[in-house]
Student: 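First the structure, then my questions, so here it is.
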Amino acid sequence: MNRLFDRIFQTGAPVWLCPFRPFFLLTAAHGVLAMAAWIAFLSGLLPLPDVAGGAVVWHAHEMLFGFAMASIVGFLLTAVPEFTGLPSIPRRRLHLLVALWLGGRLAFTFSGELTAWPAALCDLALLLTLIASVAGPIWHQPDRRHVAFIYNLLALLAVHAGFYAALLGGHDPMPWLRLSIGVLMALIIVALSRISMRLVNDVLEAQGGESAPYMARPPRRNLAVFAIAAYSAGEFLLPGHAVAGWLALAAAAAIANLLNDWHVGRALLQRWALIPYLVYVCMALGYALIGLGRLSGNEMTSAGEHLLVVGALGLAVLIVMAVAGRMHSGWGLDHRGWLPLGALLFVLAALARAGAGTPYAAAAATAGLHAAAMLWIVGWSLYLAYSLKPLSGPRPDDRGGCDEAAAVVEAATP
């Protein structure tokens with residue numbers, strides 16, 4: 001235990017070598033602990049938290065701005081230096097970012113006593129510091145290829161500020177949380193378009209292909225992002241209106257169209273291609289369920305949103321952390337069976353939670369909710385078990401910091 005404490009908490013420990021290391025660990029740990037607490041609250045094992053906005057707001061906010069935000073910070077602070085060729089952020093700023101994230105989680109949990117002001121200050125300062133760290137390097141690139149990340153971060157900042165303004169003003173903050181789901185889905189598309197071309201083309205090359213035909217085409221990607229933004233704005237401005245149903249179906253169609261880029265033959269069955277592909281499948285199904293429910297009069301917004309958050313977001317975070325966390329810690333890609341098993345657990349969790357949110361499964365809703373939570377907890381526990389050493393320990397190679405391991409996807413990937 002003392003060795004683990006020293007490995008993680010000493011300022012010179014390997015866990016501080018690169019920003020993704022502490023934030024990926026925090027992402028997975030938060031995914032386990034926050035969900036376990038939520039089920040304990042619902043089961044009566046723990047009293048419901050006295051938080052501003054109520055327990056449901058706490059649960060939704062922590063999934064989106066606790067769990068997801070930690071992974072975003074870790075990914076961008078590692079990816080942007082790689083994109084731009086600039087050094088990583090200073091270690092003191094990394095310590096500050098971790099402290100702000102932790103402070104935000106504690107402050108929001110105790111916001112019933114503290115008010116939401118301390119949580120707002122921590123969470124918004126975290127986003128502002130992240131934007132200040134990555135916006136300059138991205139903007140000053142000659143081609144500005146990655147400027148979409150800046151736009152997404154600014155949108156997240158605006159939505160999170162709106163959430164806290166509503167909360168502090170005594171208004172319903174849930175519309176802002178629903179709006180943030182759309183921003184996160186757009187961010188997933190932007191991020192996966194960069195990662196997927198490397199992963200899928202490496203698989204194609206390893207399988208003996210003469211060329212790398214996979215391209216994440218901007219027109220399809222931009223159309224999908226626009227459709228998601230249109231639905232999110234429509235739902236925010238006209239809640240419950242039928243037009244939001246049509247816009248949700250349009251988003252589903254645009255994302256399904258995006259999947260056409262992925263049909264590259266048997267290479268799609270490899271984990272490095274299949275898991276990102278399933279991200280888009282869950283995303284398309286989520287928006288389709290929302291749209292069909294809205295237009296048919298059978299309210300299924302909650303079911304669709306959980307397909308987006310548990311399925312699309314969960315799988316996206318998993319594949320990003322599994323790839324970046326291994327490659328940039330010097331270990332290379334992990335070909336063991338835990339990764340496809342973890343992906344399967346998240347797909348099953350998404351389906352179970354979506355099923356519990358439909359009017360057709362009202363009798364089994366509690367069982368579905370508990371099953372989804374347990375699958376989620378087991379999935380992130382698996383990630384922690386197999387990633388703790390790479391994320392908290394020294395590099396096994398002679399490279400330093402965030403340098404990528406010299407490893408490729410092999411054709412014999414299990």
Side-chain angles (χ1 to χ4, degrees), residues 23 26-73 98-127 156-157 159-184 236 239 301-310 313-314 317 349-350 353-354 356-357 365-366 368-370 372-377 380:
F23 276 106
L26 288 171
T27 300
H30 188 272
V32 172
L33 296 175
M35 188 62 71
W38 178 239
I39 289 301
F41 297 147
L42 295 183
S43 302
L45 300 176
L46 290 175
L48 287 171
D50 180 21
V51 298
V56 174
V57 168
W58 173 84
H59 171 60
H61 180 268
E62 288 308 295
M63 283 289 289
L64 300 171
F65 289 105
F67 167 81
M69 185 55 62
S71 66
I72 291 168
V73 176
V98 170
L100 287 172
W101 185 89
L102 289 170
R105 310 288 59 73
L106 290 172
F108 195 76
T109 299
F110 294 101
S111 58
E113 299 175 4
L114 301 174
T115 77
W117 276 109
L121 292 174
C122 287
D123 283 343
L124 297 179
L126 173 70
L127 262 169
L156 273 179
L157 177 64
V159 169
H160 210 178
F163 165 82
Y164 276 115
L167 200 60
L168 291 164
H171 306 295
D172 182 11
M174 286 302 294
W176 291 98
L177 292 177
R178 291 194 170 93
L179 189 59
S180 72
I181 294 175
V183 179
L184 290 173
F236 183 77
T301 300
S302 175
E305 288 172 345
H306 280 93
L307 269 174
L308 297 177
V309 175
V310 180
L313 178 61
V317 171
R353 185 58 186 87
T366 301
L369 190 152
H370 283 76
M374 291 307 302
L375 290 165
W376 178 268
I377 290 170
W380 286 116

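Throughout, residue positions are numbered sequentially from 1 according to the sequence presented.
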Student: Grab the two heavy atoms, one from A303 and one from A354, that are nearest each other, plus how far apart they are.
Tutor: CB-O, 3.1 Å
Student: Answer yes or no: is there a side-chain heavy-atom contact under 4.5 Å between L177 and F65?
Tutor: yes
Student: Begin with the C-alpha distance, continue with both residues' side-chain angles, and end with the deciding distance and a verdict on side-chain contact (heavy atoms from CB on, under 4.5 Å) for L184 and I72.
Tutor: CA-CA 10 Å; L184 290 173; I72 291 168; 3.5 Å; yes
Student: Does some side-chain heavy atom of L26 sit less than 4.5 Å from a side-chain heavy atom of L102?
Tutor: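 L102 vs L26: side chains touch.
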Student: Do the non-hydrogen side-chain atoms of R105 and D123 ever get within less than 4.5 Å of each other?
Tutor: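 Yes, at least one pair of side-chain atoms sits under 4.5 Å.
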Student: Any chance CE of M374 has more than 12 other-residue heavy atoms, nucleotides or ligands included, within less than 6.0 Å?
Tutor: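 Counting neighbours around CE of M374, 12 or fewer heavy atoms of other residues, nucleotides or ligands fall under 6.0 Å, so no.
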Student: For residues 36-47, dump all side-chain donor-acceptor pairs below 3.5 Å to protein atoms at least two apart in sequence or in another chain.
Tutor:
{"unit_1": "S43", "atom_1": "OG", "unit_2": "I39", "atom_2": "O", "d": "2.8"}
{"unit_1": "S43", "atom_1": "OG", "unit_2": "H370", "atom_2": "NE2", "d": "3.1"}

Student: Show me the pairs that pass salt bridge (charged side-chain N to carboxylate O under 4.0 Å, His left out) and involve residues 165-178, at least two apart or across chains.
Tutor: R178-E305
Student: I'd like to know whether L308 forms a side-chain contact (heavy atoms from CB on, under 4.5 Å) with L313, so could you lay out the CA-CA distance, the side-chain angles of the two residues, the decisive distance to 0.1 Å, and finally the verdict.
Tutor: CA-CA 6 Å; L308 297 177; L313 178 61; over 6 Å; no
Student: Write down the atom of L157, the atom of L127, and the distance for their closest heavy-atom approach.
Tutor: CA-CD1, 3.8 Å
Student: With a 4.5 Å heavy-atom cut-off, do H30 and M35 have their side chains touching?
Tutor: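 Contact flag for H30/M35 side chains = no.
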Student: Between V51 and A55, what is the shortest heavy-atom contact and its length?
Tutor: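 Of all heavy-atom pairs spanning V51 and A55, the closest is CG2-N, 4.1 Å.
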Student: Under 6.0 Å between the ring centres of F67 and H61?
Tutor: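 No, they do not, as the ring centres are separated by 6.0 Å or more.
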Student: Between W101 (side chain) and G66 (backbone), is there a donor-acceptor pair under 3.5 Å?
Tutor: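 Yes, the answer is positive, given that a donor and an acceptor are paired below the 3.5 Å cut-off.
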Student: Which atom pair, heavy atoms only, marks the closest approach of A116 to A52?
Tutor: CB-CB, 4.3 Å
Student: Rounded to the nearest 0.5 Å, what separation is found between the CG atom of L64 and the OG atom of S180?
Tutor: 4.0 Å
Student: What is the distance from atom CZ of F163 to atom CG of L156, rounded to the nearest 0.5 Å?
Tutor: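 F163 CZ to L156 CG: 13.5 Å, rounded to 0.5 Å.
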Student: Start with the C-alpha gap between L168 and W117, add the side-chain angles, then the distance that decides, and say whether side-chain contact (heavy atoms from CB on, under 4.5 Å) holds.
Tutor: CA-CA 8 Å; L168 291 164; W117 276 109; 3.7 Å; yes
Student: Give a yes or no answer on whether the side chain of T27 reaches the backbone of S71 with a donor-acceptor pair at less than 3.5 Å.
Tutor: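 Yes: the side chain of T27 pairs with the backbone of S71.
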Student: Which atom pair, heavy atoms only, marks the closest approach of G31 to W376?
Tutor: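 Closest heavy-atom pair between G31 and W376: O-NE1, 3.1 Å.
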Student: Mind jotting down which residue pairs meet the salt bridge (charged side-chain N to carboxylate O under 4.0 Å, His left out) criterion with at least one end in residues 32-53? Sequence neighbours excluded, please.
Tutor: none
Student: For a quick test of reading the model, state the closest non-hydrogen atom pair linking A372 to A349 and the distance between them.
Tutor: CB-O, 3.3 Å
Student: Using side-chain contact (heavy atoms from CB on, under 4.5 Å), reason through V57 and F108 one step at a time and then give a plain yes or no.
Tutor: CA-CA 10 Å; V57 168; F108 195 76; 4.2 Å; yes
Student: Would you confirm whether the ring centroid of W176 sits within less than 6.0 angstrom of the ring centroid of F236?
Tutor: yes
